[in-house]
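Everything on this sheet refers to the single structure shown next.
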Amino acid sequence: MSAVFDDEPDVDDVLYADRPEWADIVPVPQYEGVNPLAPIFYSAEYKDATDYFRGIVKAGEMSPRVLELTERIIRMNPAHYSAWQYRYRTLLALDAPLEDELRRMDAFALDFLKTYQVWHHRRLLLAALRAPRAAAAELAFVARALERDAKNYHTWSYRQWLLAHFDAPALWAGERAWVEGLLAHDVRNNSAWHHRFFVLAFAREKIALAPGNASAWNYLRGVLEHTQTPFAALAPFVRLYTAPTLPVPGDVLDLENPPPAAGAQLPSVHALEFSADMYEREGGAEMGKAVEIWRALADEHDTTRKKYWEFRIKEALQAS
């Protein structure tokens with residue numbers, strides 16, 4: 001059996017107790033020194049493997065044969081948290097290729113989508129790899145997994161962790177189009193709707209941390225335009241960033257509209273521009289509010305683009 005997950009492992013039915021190469025390990029029974037009232041009756045193979053697993057943990061051994069042992073246990077019980085955890089620590093200790101571990105266990109993960117430990121293990125591997133390239137490949141794998149079970153909580157949570165942990169523009173770039181495709185296929189997919197909200201919420205959180213970051217505002221605009229959501233839907237959020245000072249904290253934290261971080265430079269030029277565009281889209285009497293904001297940008301808040309704002313004003317007045 002290999003040191004990493006095989007699609008079709010060569011299962012050896014010989015118990016570890018009967019293998020000469022394991023004679024140096026003293027197995028540790030689960031119920032050593034106790035007499036349980038209602039013991040769990042495991043198969044002979046599982047009891048043998050887990051007894052030897054406790055033995056190698058006690059000895060502190062981390063070797064290729066430990067990977068073989070933990071694989072055997074996990075295949076019998078995919079939810080064995082301790083086996084997964086010790087396997088991960090052993091992979092690191094041996095400096096094993098973590099991307100190989102991911103790819104070689106893909107089929108196993110697809111067979112046990114609802115097992116939390118499968119996804120937690122992948123999360124640990126990705127965090128250790130620290131590579132956006134690996135995260136991109138993992139997003140593609142998650143998409144495959146969701147084709148099998150479009151509403152699996154563990155899979156969706158893992159995808160959101162990948163996006164938030166690596167936070168790379170290349171990873172976010174196709175996310176809104178991807179989730180819209182899922183909704184087009186099944187508009188009743190509540191998990192996809194929740195993910196759509198997550199994408200918006202994450203953009204707002206990034207704006208709260210750095211209101212002057214144009215990328216986050218542009219991404220937020222792109223999501224709204226792609227989903228044909230009116231800019232006015234975010235008016236309560238944007239208003240927090242057009243004020244000259246930080247808002248007074250309320251008794252209840254509004255998670256949908258995170259306020260600017262302490263020390264943020266306000267008002268945000270990008271928030272003012274967003275507000276003006278919102279009023280322009282509404283038209284009619286609201287156009288005057290847009291012109292007022294553009295004048296403030298030209299004369300005070302964004303004088304480097306004074307000519308541009310004056311052009312916007314002129315264009316709006318000619319159209320009205």
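We use all heavy atoms of the structure for the numbers below, so side chains are in, but hydrogens, waters and symmetry mates are not.
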Quiz item: Where do Leu200 and Leu220 land on the side-chain contact (heavy atoms from CB on, under 4.5 Å) test, with the steps shown first?
Solution: CA-CA 7 Å; Leu200 278 171; Leu220 187 62; 3.5 Å; yes
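- Cluster annotation: Leu209 and Val199 are assigned to distinct hydrophobic clusters (Ile/Leu/Val/Met/Phe/Trp/Tyr, side-chain heavy-atom contacts under 4.5 Å, transitive).
- Ring orientation note: the planes of Tyr52 and Tyr16 are tilted relative to one another, at an angle of 30° to 60°.
- The CZ atom of Phe231 sits 10.0 Å away from the CE atom of Met278 when rounded to the nearest 0.5 Å.
- Ring centers of His270 and Tyr241: at least 6.0 Å apart, outside the cut-off.
- The distance from the CG atom of Leu124 to the CZ atom of Arg87 is 13.0 Å, given to the nearest 0.5 Å.
- Between Phe112 and Phe108, the angle of the ring planes lies from 30° to 60°, which puts this pair in the tilted group.
- Atom CG of Asp302 is separated from atom CD of Glu273 by 8.0 Å, given to the nearest 0.5 angstrom.
- With rounding to the nearest 0.5 Å, the separation of CG in Asn189 from CG in Asp186 is 5.0 Å.
- When all heavy atoms of Ala271 and Val238 are compared, the closest pair comes out as O-CG1, 3.5 Å.
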Exercise. Test Ser268 against Trp217 for side-chain contact (heavy atoms from CB on, under 4.5 Å), laying out the working first.
Key: CA-CA 11 Å; Ser268 164; Trp217 285 100; 3.9 Å; yes
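- Salt-bridge check for Arg19 with Asp24: failed, with every basic side-chain N at 4.0 Å or more from each acidic carboxylate O.
- A salt bridge between Arg312 and Asp277 is present, with a side-chain N of the basic residue lying under 4.0 Å from a carboxylate O of the acidic one.
- In this structure, Val14 and Arg72 approach most closely via the heavy-atom pair O-NH2, 4.2 Å.
- Note that the CZ atom of Phe198 and the OG atom of Ser157 stand 9.5 Å from one another [nearest 0.5 Å].
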Quiz prompt | From CA spacing to verdict: salt bridge (Lys or Arg N to Asp or Glu O under 4.0 Å), Arg281, Glu286 | solution = CA-CA 9 Å; Arg281 286 167 179 249; Glu286 301 299 297; over 6 Å; no
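- Leu163 and Leu183 are assigned to two separate hydrophobic clusters, defined by single-linkage of ILVMFWY side chains at heavy-atom distances under 4.5 Å.
- In this structure, Arg159 forms no cation-pi arrangement with Trp119, as its terminal cationic atom is not both closer than 6.0 Å to the ring centre and no more than 45° off the ring axis.
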Quiz item: So Leu125 and Leu91, side-chain contact (heavy atoms from CB on, under 4.5 Å) or not? Walk me through it.
Solution: CA-CA 9 Å; Leu125 295 174; Leu91 287 166; 4.2 Å; yes
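- With sequence neighbours left out, Leu110 forms a side-chain contact (heavy atoms from CB on, under 4.5 Å) with Leu113, Phe141, Arg144, Ala145, Arg148.
- Not a single ring-ring contact (aromatic ring centres under 6.0 Å, His included) links Phe311 to another residue, sequence neighbours left out.
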Practice problem: Show the numbers, then the answer: is there a side chain to side chain donor-acceptor pair (under 3.5 Å) between Thr115 and Gln117? | Solution: CA-CA 6 Å; Thr115 303; Gln117 286 78 10; 5.6 Å; no
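- Between Lys306 and Glu300, no side-chain nitrogen of the basic residue sits less than 4.0 Å from a carboxylate oxygen of the acidic one, so the salt-bridge criterion is not met.
- With sequence neighbours excluded, no residue forms a ring-ring contact (aromatic ring centres under 6.0 Å, His included) with Trp193.
- Salt-bridge annotation for Arg75 and Glu71: present, with a side-chain N of the basic residue lying under 4.0 Å from a carboxylate O of the acidic one.
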Practice problem: Evaluate ring pair (Phe, Tyr, Trp, His ring centres under 6.0 Å) for His195 paired with Trp156, printing each intermediate quantity in order. | Solution: CA-CA 8 Å; His195 189 69; Trp156 280 109; 5.1 Å; yes
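- Hydrophobic clustering, with ILVMFWY side chains joined whenever heavy atoms are under 4.5 angstrom apart, keeps Tyr153 apart from Leu162.
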Quiz item: Do Asp299 and Trp309 pass the side chain to side chain donor-acceptor pair (under 3.5 Å) test, and can you show the C-alpha distance, the side-chain angles, and the key distance before you say yes or no?
Solution: CA-CA 9 Å; Asp299 298 337; Trp309 300 123; over 6 Å; no
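- Here Asp51 pairs with Arg54 in a salt bridge; the nearest charged N to carboxylate O distance falls below 4.0 Å.
- Residues Ala128 and Leu92 come closest through the heavy atom pair CB-CD2, 4.3 Å.
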Practice problem: Please report the C-alpha distance between Tyr158 and Glu138 in whole Å, then the side-chain angles of each, then the deciding distance to 0.1 Å, and finally whether the side chain to side chain donor-acceptor pair (under 3.5 Å) criterion is met. | Solution: CA-CA 10 Å; Tyr158 178 58; Glu138 195 68 352; 2.7 Å; yes
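- Salt bridge annotation for Glu280-Lys289: absent, with no cationic side-chain nitrogen under 4.0 angstrom from a carboxylate oxygen.
- Taking all atoms of both residues into account, the shortest heavy-atom contact from Gly222 to Arg176 is O-NE, 3.3 Å.
- Distance check, rounded to the nearest 0.5 Å: NZ of Lys151 to CG of Asn190 gives 6.5 Å.
- The hydrophobic clustering, which links ILVMFWY residues whose side-chain heavy atoms are closer than 4.5 Å, places Val269 and Tyr308 together.
- Considering all non-hydrogen atoms of both residues, Trp161 and Ala127 come closest at CH2-N, 3.9 Å.
- The shortest heavy-atom contact between Arg221 and Phe274 is NH2-CA, 3.4 Å.
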